[in-house]
Q: 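Once you've had a glance at the structure underneath, I'll fire off some questions.
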Amino acid sequence: MVEKDNEMPKIIVVCGPTGSGKTSLAVQLCKKFNGEIINADSRQVYREMDIGTGKGEVKSEKLKVKSFGVPSAQYLEGVRIHLVNIIEPNNRYTVGQFKINAEEAIADIISRGKVPFIVGGTGMYIDALVDNFQFSSFNFQSISNNQFSIKEKSLEELVKLLEKLDPQALNVVDLKNRRRVEHAIEVCLATGIPFSKQRTKGERKYKVLKLAPLVSLEREKLYEKINKRVDEMIEQGLENEVKSLAEKYGWESEAMTGIGYREFRDESDIEKVKDKIKQDTRNYAKRQMTWFKRDKEIGYIDLKKAEMLVKDFLKK
RNA sequence: GCCGAGGUAGCUCAGUGGUAGAGCGAAGGACUGAAAAUCCUUGCGUCAGCAGUUCAAUUCUGCUCCUCGGCA
């Protein structure tokens, strides 16, 4: 087991709620330890959504040597960043896709002798990658417009349908959560395998160090930072970004369901929009805190401590 | 100063002669293919103050204070 540990590729996870400063922490660590960032944020994968997703100054540059087929790469403050700006705002991205893309990116980074830093606030993306969730392969896009008329059924009917397809699922699915019930049904129908048999974890593929900025634990401070950041986004022209996206892709598109975007839809008073964005962001941060809190592997640290831990982690 | 409306949970407000509730917020929690999504749990608060009527008042009456409209 110990020997196997040593053979496993090493990855470093930098997670935490929005506004905790994971990106700047990660950038500093990457500069010091020859790292590259893999984005683990479900919204930053979208092109043209820059201000509202807090992407920062991502620049595209041509590569001298192509790495896994791409002629150009993106950089954030001089550090290469992967899985940002990879799909159009009217498409849907999923955890399953993220896991595939992230594994590719990790292999690529390591093949070039660099250290992969997984950076983002989407807890499920990180867990799926680190804990190696076993997803059956099927095209989720195609079944989301399925013919099963799931949308018209009542929750009660859906639960009955699920019971028929996969009785075991009733024990693992939150039956009050319509979205989860719908999804379990979709997975059963699309794969032909019971949903309850598809929630397994594989063996870990990577040796992992999980870090989060200290502020992640201080709610009041975090909320203050969030409020400030929203003000800055507005100053940077968030309204124009949202309006042009809405014009181009429509309010129904995937892009417009995110925080910082949807709030503009039915409200023209910019002050009210701003307050709503702040509130939605605070609520979101709180959900993230709840998510990360139960993961006991995460070390909450400042920059100095982080440098020590990473150095130690890479040495072994 | 006069007339009107009102003072009930952090906010907006319902409501009842036997000491109160809904929405929002907030807090806590869940989370295996939309996850910035979705869902679950949690409401004693001098019912503005004082006095009166009453077996009983947050609910009725009177006064006081405060807020908001209209008139001066």
Side-chain angles (χ1 to χ4, degrees), chain A residues 15-19 39-46 49 51-55 87 89-102 120-146 150-151 155 158-159 169 171-191 193-202 219-220 223 226 229-230 233 242 252-263 272 275-295:
Chain A
C15 57
T18 16
N39 164 248
D41 182 306
S42 68
R43 303 318 280 206
Q44 292 186 11
V45 295
Y46 291 105
M49 298 174 71
I51 300 171
T53 62
K55 219 178 260 172
I87 61 165
N90 52 351
N91 284 356
R92 191 194 278 182
Y93 195 70
T94 67
V95 209
Q97 194 54 48
F98 169 79
K99 196 187 167 223
I100 294 167
N101 294 153
T122 305
M124 193 165 68
Y125 282 18
I126 293 166
D127 287 357
L129 177 69
V130 170
D131 293 326
N132 195 11
F133 287 6
Q134 303 293 294
F135 298 121
S136 327
S137 70
F138 66 90
N139 189 343
F140 192 82
Q141 295 275 5
S142 69
I143 69 154
S144 60
N145 304 315
N146 60 66
I150 281 172
K151 302 285 173 217
L155 180 59
L158 290 176
V159 171
N171 300 321
V172 289
V173 175
D174 178 357
L175 301 177
K176 285 184 181 170
N177 192 337
R178 186 185 176 94
R179 196 136 171 174
R180 298 266 166 78
V181 177
E182 278 180 11
H183 181 70
I185 292 170
E186 286 182 330
V187 171
C188 289
L189 293 171
T191 62
I193 304 164
F195 177 77
S196 59
K197 297 272 183 290
Q198 300 191 48
R199 313 167 71 248
T200 52
K201 290 176 186 173
R219 208 182 52 230
E220 295 293 328
Y223 283 5
I226 285 169
R229 209 163 76 142
V230 172
M233 285 179 182
V242 175
E252 302 296 330
S253 69
E254 206 55 37
M256 306 320 275
T257 62
I259 295 170
Y261 296 85
R262 59 167 121 105
E263 292 86 354
K272 284 187 183 165
D275 286 345
K276 192 73 180 39
I277 294 175
K278 286 176 182 175
Q279 188 163 287
D280 286 349
T281 309
R282 275 183 258 126
N283 290 165
Y284 170 50
K286 195 153 174 299
R287 266 177 276 137
Q288 288 176 301
M289 283 190 258
T290 304
W291 182 288
F292 292 124
K293 226 187 280 178
R294 66 175 178 169
D295 186 344

Q: What is the distance from CD1 of A:Ile226 to P of B:rA26, rounded to the nearest Å?
A: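 Distance, rounded to whole Å: 11 Å.
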Q: Can you see if the side chain of A:Arg180 gets near the phosphate of B:rC40 - specifically, an N or O under 4.0 Å from OP1 or OP2?
A: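 Negative; the distance criterion is not met.
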Q: Quick one: is B:rA36 close enough that its OP1 or OP2 comes under 4.0 Å of any side-chain N or O from A:Thr53?
A: no
Q: Between B:rU53 and B:rU61, how far is it from one C1' atom to the other, in whole Å?
A: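 To the nearest whole Å, 7 Å.
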Q: Could you tell me the Watson-Crick or G-U partner of B:rC71, where both distances fall under 3.5 Å? Say none if there is no partner.
A: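 Checking every strand shown, B:rC71 finds its partner in B:rG1, with both distances under 3.5 Å.
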Q: For A:Met233, enumerate each residue passing the side-chain contact (heavy atoms from CB on, under 4.5 Å) test, keeping only those at least two apart in sequence or located in another chain.
A: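 Expected list: A:Ile51, A:Arg229, A:Leu238.
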Q: Whole angstroms only, please: what is the CE-P distance between A:Met289 and B:rA26?
A: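 These atoms are roughly 11 Å apart.
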Q: Between B:rU32 and B:rA37, how many Å separate the two C1' atoms, rounded to a whole number?
A: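 To the nearest whole Å, 15 Å.
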Q: Which one, B:rU41, B:rA36, B:rG29, comes nearest to the side chain of A:Tyr284?
A: B:rA36
Q: When the distance from CZ of A:Arg262 to P of B:rA34 is rounded to whole Å, what number comes out?
A: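 Taking CZ of A:Arg262 and P of B:rA34, I get 17 Å after rounding.
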Q: Would you indicate what A:Arg178 reaches in the nucleic acid, counting non-hydrogen atoms under 4.0 angstrom: base, sugar-phosphate, or nothing?
A: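 No contact.
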Q: Looking at every strand, decide which applies to A:Gly260 at a 4.0 Å heavy-atom threshold: base, sugar-phosphate, or nothing.
A: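 Counting heavy atoms under 4.0 Å across all strands, no contact is made by A:Gly260.
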Q: Please give the nucleotide sitting opposite B:rA26 as a Watson-Crick or G-U wobble pair, both distances under 3.5 Å, or none.
A: B:rU42
Q: Could you work out the separation of B:rA27 and B:rU64 based on their C1' atoms and round it to a whole Å?
A: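 Between the two C1' atoms, the distance is 39 Å.
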Q: Can you tell me the Watson-Crick or wobble partner of B:rG6, both distances under 3.5 angstrom?
A: B:rC66
Q: Base, sugar-phosphate or nothing for A:Ser42? Non-hydrogen atoms, less than 4.0 Å.
A: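 Base, at least one base heavy atom under 4.0 Å.
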Q: On the nucleotide B:rU38, are OP1 or OP2 found under 4.0 Å from the side-chain N or O atoms that A:His183 carries?
A: no
Q: Counting only N and O atoms by type, is there a donor-acceptor contact under 3.5 Å from the side chain of A:Glu182 to the main-chain atoms of A:Arg179?
A: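 Not a single qualifying donor-acceptor pair exists.
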Q: Write down the distance separating the P atoms in B:rG25 and B:rC11, rounded off to the nearest Å.
A: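 Nearest-Å result for B:rG25 against B:rC11 at atom P: 15 Å.
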Q: Report which part of the nucleic acid A:Phe292 touches: base, sugar-phosphate, or nothing (heavy-atom distance under 4.0 Å, all strands).
A: nothing
Q: Which part of the nucleic acid does A:Phe98 contact within heavy-atom distance under 4.0 Å: base, sugar-phosphate only, or nothing?
A: nothing
Q: Think A:Arg43 has a side-chain N or O under 4.0 angstrom from the OP1 or OP2 of B:rA36?
A: no
Q: Figure out the NZ/P separation between A:Lys197 and B:rU32, and round it to whole Å.
A: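 For the pair A:Lys197 NZ and B:rU32 P, the rounded distance is 16 Å.
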Q: Ring-plane angle category for A:Tyr125 and A:Phe98, please: parallel below 30°, perpendicular beyond 60°, tilted otherwise.
A: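 Because their plane-to-plane angle is under 30°, the rings of A:Tyr125 and A:Phe98 count as parallel.
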Q: What does B:rC47 pair with, Watson-Crick or G-U, if both distances are under 3.5 Å?
A: none
Q: With a 4.0 Å cut-off on heavy atoms, is A:Glu263 in touch with a base, just the backbone sugar-phosphate, or nothing at all?
A: nothing
Q: May I ask you to evaluate whether A:Tyr93 reaches the phosphate of B:rA34, defined as a side-chain N or O under 4.0 Å from OP1 or OP2?
A: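 No, no such contact exists.
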Q: With a 3.5 Å cut-off and just heavy-atom distances, do the side chain of A:Arg179 and the base of B:rA35 make a donor-acceptor pair?
A: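 Check fails, no donor-acceptor contact within cut-off.
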Q: In this structure, how many angstroms lie between the C1' atom of B:rU38 and the CD1 atom of A:Ile259, rounded?
A: 13 Å
Q: May I have the distance from A:Asn39 (atom CG) to B:rA36 (atom P), rounded to whole angstrom?
A: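 My rounded result for the distance is 11 Å.
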Q: Does A:Asp280 reach a base, just sugar-phosphate, or nothing at all? Heavy atoms under 4.0 Å.
A: nothing
Q: Report yes if a side-chain nitrogen or oxygen of A:Lys201 is closer than 4.0 Å to either non-bridging phosphate oxygen (OP1 or OP2) of B:rU32; otherwise report no.
A: no
Q: If you assign each of A:Thr290 and A:Tyr261 to its closest nucleotide in RNA chain B, which residue comes earlier from the 5' end?
A: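 Nearest-nucleotide comparison on RNA chain B picks A:Thr290.
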Q: From C-beta outward on A:Arg199, which listed nucleotide comes closest to its side chain: B:rA30, B:rU32, B:rA34?
A: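 Nearest to the side-chain atoms of A:Arg199, counting from C-beta on, is B:rU32.
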Q: Can you check the distance between B:rC50 and B:rC66, where both ends of the measurement are the C1' atom (answer in whole Å)?
A: 15 Å
Q: Using purine N1 to pyrimidine N3 plus N6-O4 or O6-N4 for Watson-Crick, or N1-O2 and O6-N3 for G-U wobble, both under 3.5 Å, which nucleotide pairs with B:rC13?
A: B:rG21
Q: Do any N or O atoms from the side chain of A:Gln97 and from the backbone of A:Val95 form a donor-acceptor pair under 3.5 angstrom?
A: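 No: the side chain of A:Gln97 does not pair with the backbone of A:Val95.
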Q: Could you work out the separation of B:rU54 and B:rG17 based on their C1' atoms and round it to a whole Å?
A: 9 Å
Q: Would one find a side-chain N or O of A:Tyr223 under 4.0 angstrom from OP1 or OP2 of B:rA27?
A: yes
Q: So does A:Gln279 get a side-chain nitrogen or oxygen closer than 4.0 Å to the phosphate oxygens (OP1/OP2) of B:rG25?
A: yes
Q: Is the shortest side-chain N/O distance from A:Asn283 to OP1 or OP2 of B:rA26 below 4.0 Å?
A: yes
Q: Between A:Gln44 (side chain) and A:Thr53 (backbone), is there a donor-acceptor pair under 3.5 Å?
A: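 A pair under 3.5 Å: yes.
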Q: Check whether any side-chain N or O of A:Lys286 sits under 4.0 Å from OP1 or OP2 of B:rA26, and answer yes or no.
A: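 Negative; the distance criterion is not met.
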Q: Could you state the interatomic distance from NE2 (A:His183) to CZ (A:Arg180), rounded to the nearest 0.5 Å?
A: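 Nearest 0.5 Å value for the NE2-CZ distance: 9.5 Å.
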Q: Between the side chain of A:Asp41 and the main-chain N/O of A:Arg43, is any donor-acceptor distance below 3.5 Å?
A: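 A pair under 3.5 Å: yes.
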Q: Using the C1' atom in both, what is the distance from B:rG6 to B:rG15, to the nearest Å?
A: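 Comparing C1' positions in B:rG6 and B:rG15 gives a spacing of 16 Å.
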Q: Between B:rA34 atom P and A:Lys99 atom NZ, what is the distance in whole Å?
A: 15 Å
Q: With respect to the phosphate group of B:rG28, does any side-chain polar atom (N or O) of A:Arg219 fall under 4.0 Å of OP1 or OP2?
A: yes
Q: Taking atom C1' in both B:rU58 and B:rC47, compute the distance separating them and give it to the nearest angstrom.
A: 4 Å
Q: Can you check the A:Asn177 CG to B:rA37 P distance for me, whole Å?
A: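 After rounding, the reported distance stands at 13 Å.
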Q: Would you mind classifying the nucleic acid contact of A:Phe195 as base, sugar-phosphate or nothing, using non-hydrogen atoms under 4.0 angstrom?
A: sugar-phosphate
Q: Hey, does the side chain of A:Lys55 reach the backbone of A:Tyr46 with a donor-acceptor pair shorter than 3.5 angstrom?
A: yes
Q: Where the side chain of A:Ser42 meets the backbone of A:Thr122, is there a donor-acceptor pair that is under 3.5 Å apart?
A: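 No, because the side chain of A:Ser42 does not come within donor-acceptor range (under 3.5 Å) of the backbone of A:Thr122.
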